[in-house]
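The structure appears right after this line, and notes come after that.
The chains referred to below are lettered A, B, ... by the order of the sequence lines, with proteins before strands, and numbering in each begins at 1. Only heavy atoms go into these numbers, but all of them, side chains included; no hydrogens, no water, no symmetry mates.
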Number of protein chains: 2
Amino acid sequence: MRDYHRSVTEPEPVHTYHHGDLRRALLEAAEQMIRESGPASLSLREIARKVGVSHAGPTHHFKDKTGLLTAIAAEGYRRLGESLRAAYGSTGSFLEVGVAYVRFALAERPYFEVMFRPDMYRRDDPEVVAALGTVDDTVFGAIRTMLGPGQEDRVQTVGVAAWSLVHGLAMLTINGNLPPELAADPEGLTRTIGAAAFRSPDRALNATT
Amino acid sequence: MRDYHRSVTEPEPVHTYHHGDLRRALLEAAEQMIRESGPASLSLREIARKVGVSHAGPTHHFKDKTGLLTAIAAEGYRRLGESLRAAYGSTGSFLEVGVAYVRFALAERPYFEVMFRPDMYRRDDPEVVAALGTVDDTVFGAIRTMLGPGQEDRVQTVGVAAWSLVHGLAMLTINGNLPPELAADPEGLTRTIGAAAFRSPDRALNATT
DNA sequence: TCCCGCATCTTGACGTTGACAAGATGGCAA
DNA sequence: TTGCCATCTTGTCAACGTCAAGATGCGGGA
């Protein structure tokens, strides 16, 4: 009852309080429970039970249930930002940023699901806002580079188009709306569709008509 | 306490039971409440209160809270099917089907939000399955016509691409993820992006380079 | 016209939940 | 050693979803 789910690879818990790094343990338990049964049925008390702490234990770290979900959303946006940055950094391909987006949605599904349920957390939370800003910067930076100079007026539109495409694909895959043979290889599907919707990888959208 | 929110244009309530057409009244109240504060915070007892019925009133019509949401999802898919069919029928344009999809998502937002939260209702419900099948038939029928003969192997991919695009756009708009100047005219945005991603309205996706 | 069956709704109760207040615990700085 | 305060516990409350059992009253058969 003193050392919870501390990951072995975790270096330092910053502080070992009365019962270990409770905040992290709660977040990990929440992530696992969301992965198993979705964010809708999440219960604070069940999280506390699973971690071995009293039912009001979480209150001090996240004041609300909303507070816990806000922390999860913020962490999700941070991880998404890292994933996209890593994908762009290692490939230089804008298409691969989209693939990384879909990959993140499926691999880190608990975070992704919470992130896009804005009625479940506080979107104006500073950490959320900051992490979201970082994601935007990464994506639009990549788009600017891809389009080249003198295309500033198209950056926003292209960005929204690309975001819509991969976000929709991720959502439909997660929600089980796609035929199984396509849902089996989401990354391949993303490349196929992305390359088809864009003239070629890392080139601009087609001109209208 | 005997005649609830019966719409004046409604022809016949099929049966005027003890307290009117309760089932319809409950669904309408639920829709309104979801529109005001999202589906996450929906409360069966509050719906019952609003309609003026006891807290267990809904039980007989929808056995569960899940049952009520299932009914909403089914109705949503039916309305979506009608909207898409009407759009295609009146314009013959596949792009306009996409525009209708986004328009539906925003105008009938309560339905749309429930429909794509599969952990909140029973997706294997017969009514849901039937209504969903109708939507699929409409969309893929339109795609087949658009692509012309001999393109059967591309129908699925093109369908998923188009669906992803408009679904993502609808979701991002609803969730407030788009910059305000773009979110102000969702239908125009859909036409711009749709026409850009596709070679031209009602033509195939670009071939991959 | 009466009456009875059954769909419809109510009443009451139970276990669970999120939230709050107040108290216990124990590490750490002085 | 002492006292502070972050941390966690205990106790309580209203609200919720669900179930069981009872009341209500419409409509068909006599």
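B/R24 places its CZ atom 19 Å from the C1' atom of C/dC9, with the value rounded to the nearest Å. Summarising the geometry, the separation between CG on A/D64 and C1' on C/dT17 is reported as 14 Å, rounded to the nearest angstrom. Going from atom CG of A/L44 over to atom C1' of C/dC20 covers 13 Å, rounded to whole Å. Atom CE of A/M33 and atom C1' of C/dT17 are 12 Å apart (whole Å). One interatomic measurement links the two molecules: CZ of B/F62 to C1' of C/dT8, which rounds to 14 Å at whole-angstrom precision. Atom NZ of A/K63 and atom P of C/dA19 are 9 Å apart (whole Å). The distance from atom CZ of B/R23 to atom C1' of C/dA7 is 15 Å, rounded to the nearest whole Å. In this structure, A/L42 atom CG and C/dT17 atom P are separated by 11 Å, rounded to whole Å.
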Next on the checklist: As a quick check of understanding, evaluate salt bridge (charged side-chain N to carboxylate O under 4.0 Å, His left out) for A/E75 and A/R79, giving each step before the final call.
Outcome noted: CA-CA 6 Å; A/E75 174 67 14; A/R79 294 191 185 197; 2.8 Å; yes
Quick one, B/F116 with A/F116, criterion ring pair (Phe, Tyr, Trp, His ring centres under 6.0 Å). Give me CA distance, side-chain angles, the key distance, then yes/no. CA-CA 12 Å; B/F116 292 98; A/F116 292 97; over 10 Å; no
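When the nucleotides D/dC19, D/dT10, D/dC8 are ranked by their closest atom to the side chain of B/A56, D/dC19 comes out on top. For A/H60, counting side-chain heavy atoms from C-beta on, the closest listed nucleotide (D/dT18, C/dG18, D/dA6) is D/dA6. Side chain of A/S54, nearest nucleotide from C/dC9, D/dC8, D/dT9: D/dT9. Closest contact between the side chain of A/R49 and the listed nucleotides C/dA19, D/dG17, C/dT17 involves C/dT17. Checking C/dT17, D/dG11, D/dT18 against the side-chain heavy atoms of B/H55 singles out D/dT18 as nearest. The side chain of A/R45 lies closest to C/dA19, out of D/dC19, C/dA19, C/dC9. Residue B/V53 places its side chain closer to C/dT10 than to any other of C/dA7, C/dT10, D/dG17.
Contact of the B/R85 side chain with the B/T134 side chain is registered, since non-hydrogen atoms from C-beta on lie closer than 4.5 Å. B/L44 has its side chain out of reach of B/D64: every pair of non-hydrogen atoms, C-beta onward, lies at least 4.5 Å apart. When side chains are defined from C-beta on, A/I47 counts as touching A/M33, because their heavy atoms get closer than 4.5 Å.
Note on B/L68: nothing from the nucleic acid sits closer than 4.0 angstrom, heavy atoms only. Nucleic acid contact class of A/I47 (heavy atoms, under 4.0 Å, all strands): none.
Between A/K65 and B/G57, it is B/G57 whose nearest contact on DNA chain C lies nearer the 5' terminus.
Listed in residue order, the members of residues 115-123 of chain A having a heavy atom less than 4.0 Å from DNA chain C come to none.
Ring geometry for B/H167 versus B/W163: interplanar angle over 60°, hence perpendicular rather than tilted (30 to 60°).
The side chain of A/H61 places an N or O atom within less than 4.0 Å of a non-bridging phosphate oxygen (OP1 or OP2) of D/dC8. Of the side-chain N and O atoms in B/S43, one or more sit less than 4.0 angstrom from OP1 or OP2 of D/dG17.
Residues A/F140 and A/V155 share a closest heavy-atom pair of CD2-CG1, 3.6 Å.
Side chains of A/Q32 and A/R35: a donor-acceptor N/O pair is absent below 3.5 angstrom, by distance only.
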